[in-house]
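Each chain gets a letter, A, B and so on, in the order its sequence line appears, and its residues count up from 1. Because only heavy atoms are used, hydrogens play no part in the values below, and waters and symmetry mates are left out as well, while side chains stay in.
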Protein chains: 2
Amino acid sequence: MAEKDLLLKTAETEKISHIDYFNIAISVDCVIFGYEDKELKVLLIKSDLKEFEGMYSLLGDLIRPGEDLDAASYRVLKERTGLDDVYLEQVHAFGSINRHPSGRVITIAYYSLIDIGHHKLQLSHNELNWHSINELGKLAFDHSLILETCLKQLRERIEDHPIVFNLLPEKFSLRQLQELYEAILGVELDRRNFRKKISLKGWLKDLNEMEKNLSHRPGKLYTLKSKLKT
Amino acid sequence: MAEKDLLLKTAETEKISHIDYFNIAISVDCVIFGYEDKELKVLLIKSDLKEFEGMYSLLGDLIRPGEDLDAASYRVLKERTGLDDVYLEQVHAFGSINRHPSGRVITIAYYSLIDIGHHKLQLSHNELNWHSINELGKLAFDHSLILETCLKQLRERIEDHPIVFNLLPEKFSLRQLQELYEAILGVELDRRNFRKKISLKGWLKDLNEMEKNLSHRPGKLYTLKSKLKT
DNA sequence: TAATAAATATGTACCAACGACACATTAATT
DNA sequence: AATTAATGTGTCGTTGGTACATATTTATTA
């Protein structure tokens with residue numbers, strides 16, 4: 001039977017009304033990662049639910065009737081940051097019965113990677129702020145769990161996929177890139193081994209330009225080879 | 001704001017009614033894998049929706065009001081196979097607007113691994129059948145996509161996680177194990193290298209028993225070391 | 001019961017990737 | 001001109017991956 005007649009037959013058989021079945025809301029929640037001051041950060045908003053007084057939560061919203069899941073996440077991102085060309089990846093669905101105090105809400109979690117320095121970045125709200133992932137308290141709802149899950153997936157993905165570049169400006173030095181990997185992974189890396197490994201991946205294009213305006217020897221600048229940031 | 005007042009405020013603001021927001025159903029769909037005759041198989045049911053006449057679909061059901069996501073999948077599995085101690089893993093949420101002909105249904109996809117020879121296995125329905133993954137036509141709904149997604153994830157997971165043992169009987173030979181990996185990955189593997197690799201993982205316990213009742217030289221039997229099949 | 005068939009069991013040599021590790025070079029500053 | 005603080009680079013040992021051939025064991029058959 002699978003999904004056959006799901007909307008009718010199963011409900012009948014089990015004596016549960018149509019209304020009950022639809023009385024579950026669906027949201028998306030976005031873990032929006034950014035990178036600043038050598039720290040991985042996440043965009044959070046102060047919760048104004050009394051149950052979560054003083055706590056922060058992820059950015060999310062209910063899915064609209066004519067909107068698919070990815071579109072809902074892109075919308076949240078666009079509404080909150082003004083950005084639309086962003087990296088976004090679905091991670092997991094969370095559906096514990098009591099995860100939302102106002103009722104049954106199943107949420108699909110995404111993470112996205114954005115460049116905090118992007119000129120179009122415009123936060124929608126003055127209670128929206130960047131928080132270092134190393135200085136987070138407990139978040140509202142099950143958002144601590146969601147964040148952990150997304151962070152774990154991010155850490156796995158960056159080993160094989162050229163996605164961290166979404167967190168950096170167009171041009172960057174190997175030093176910057178290494179510091180970013182260190183911030184995400186929470187470890188220190190050996191410079192020579194890191195450069196060897198990155199060089200093996202073949203992701204980078206040498207721009208034959210140097211960093212400017214530092215008080216030290218400048219490094220070479222690179223950029224991501226293909227425009228495919230996924 | 002995040003999920004704050006989602007159930008009320010957002011709907012008001014956007015002039016979309018409460019009813020609209022809840023008029024989305026949520027299901028789970030299970031890709032139930034089994035292994036038989038050196039082939040990876042999946043349990044499918046003949047669709048009896050007229051839109052999908054002659055096609056097969058995955059096993060799924062709507063999520064019930066008081067049931068979390070994993071519980072819903074376990075229930076589907078139990079109802080369809082009679083088994084309850086199964087390996088189950090959430091993979092992805094699918095929510096295209098028109099994926100279900102009867103209305104908006106978002107589904108959370110899982111895959112599970114079961115031993116086709118398990119003595120408790122009892123299929124619920126005579127239109128439920130095992131299909132080799134190499135001989136599948138197009139499935140109903142977006143189930144071909146769901147199946148592909150789950151299979152891809154399975155292929156990645158088996159490299160690092162001792163999960164394929166859920167598809168085998170308690171005791172098995174290295175030959176059986178290798179044939180299973182070959183069936184899942186769709187490639188042939190070198191016997192010596194395979195054994196070396198498996199031995200490196202340290203997953204197996206040598207039972208000091210031999211296969212019985214074959215017409216060739218019997219192999220040694222092994223079993224999974226820890227009872228943790230995840 | 002001896003020969004045959006069909007599988008199991010096993011080790012080496014080459015190559016790629018990974019981690020540990022130290023020194024010369026460059027640009028800005030003093 | 002000397003100092004400072006960073007960039008830039010190579011080797012060696014270890015490990016994991018792949019390619020590859022032969023001896024052994026059991027059941028079967030002649």
Taking only residues two or more places apart in sequence, or in another chain, which ones meet Lys38(B) in a side-chain contact (heavy atoms from CB on, under 4.5 Å)? Tyr35(B), Glu179(B)

Where do N or O atoms of nucleotides 10-16 of chain D meet protein N or O atoms at under 3.5 Å, pair by pair?
from    : atom 1 : to        : atom 2 : distance (Å)
dT11(D) : O4     : Lys196(A) : NZ     : 3.3

The side-chain contact (heavy atoms from CB on, under 4.5 Å) partners of Ser199(A) (sequence neighbours excluded) come to none

Mind checking what makes side-chain hydrogen bond (donor to acceptor under 3.5 Å, both in side chains) contact with Lys220(A), not counting sequence neighbours? Asp206(A)

Can you tell me the distance, in whole Å, between the CG atom of Leu189(B) and the C1' atom of dG17(D)? 13 Å

side-chain hydrogen bond (donor to acceptor under 3.5 Å, both in side chains) partners of Asp70(A), counting only residues at least two apart: Tyr110(A)

Atom pair distance, as rounded to whole Å: CZ in Arg195(B) and P in dT12(C): 17 Å

According to ring-ring contact (aromatic ring centres under 6.0 Å, His included), who are the partners of Tyr111(B), at least two apart in sequence or on a separate chain? none

Roughly how many Å is it from NZ in Lys212(A) to C1' in dA6(D), rounded to a whole number? 17 Å

Nearest-Å distance, CD1 (Ile198(A)) to C1' (dG8(D))? 16 Å

Is the base of dG8(D) touched by the side chain of Arg191(A) through a donor-acceptor pair closer than 3.5 angstrom? yes

Through what angle, rounded to 10 degrees, does the axis of the helix from dT1(C)-dA30(D) to dT30(C)-dA1(D) turn between its ends, using five pairs per end? 10°

Greater than 12 external heavy atoms within 6.0 Å of Glu159(A)'s CD: yes

Just how far, in rounded Å, is P of dT25(D) from CZ of Arg175(B)? 19 Å

Could you state the atom-to-atom distance from CD of Gln178(A) to C1' of dG19(C) in whole Å? 14 Å

What residues form a side-chain contact (heavy atoms from CB on, under 4.5 Å) with Arg217(A), not counting sequence neighbours? none

Determine, stepwise, if the pair Glu148(B) / Lys152(B) fulfils salt bridge (Lys or Arg N to Asp or Glu O under 4.0 Å). CA-CA 6 Å; Glu148(B) 271 312 307; Lys152(B) 188 171 164 223; over 6 Å; no

Residues passing the side-chain hydrogen bond (donor to acceptor under 3.5 Å, both in side chains) test with Asn213(A), sequence neighbours excluded, are none

Counterpart residues, side-chain hydrogen bond (donor to acceptor under 3.5 Å, both in side chains), relative to Glu182(B) (two or more places apart): Gln178(B)

Given protein heavy atoms under 4.0 Å, the one-letter contact record of nucleotides 24-30 of chain C, with B base, S sugar-phosphate only and - none, is simply -BBSS--

What residues form a ring-ring contact (aromatic ring centres under 6.0 Å, His included) with Phe172(B), not counting sequence neighbours? Phe165(B)

In this structure, how many angstroms lie between the P atom of dC18(C) and the OH atom of Tyr181(A), rounded? 12 Å

Glu209(B) CD to dT8(C) P, in whole Å, measures 17 Å

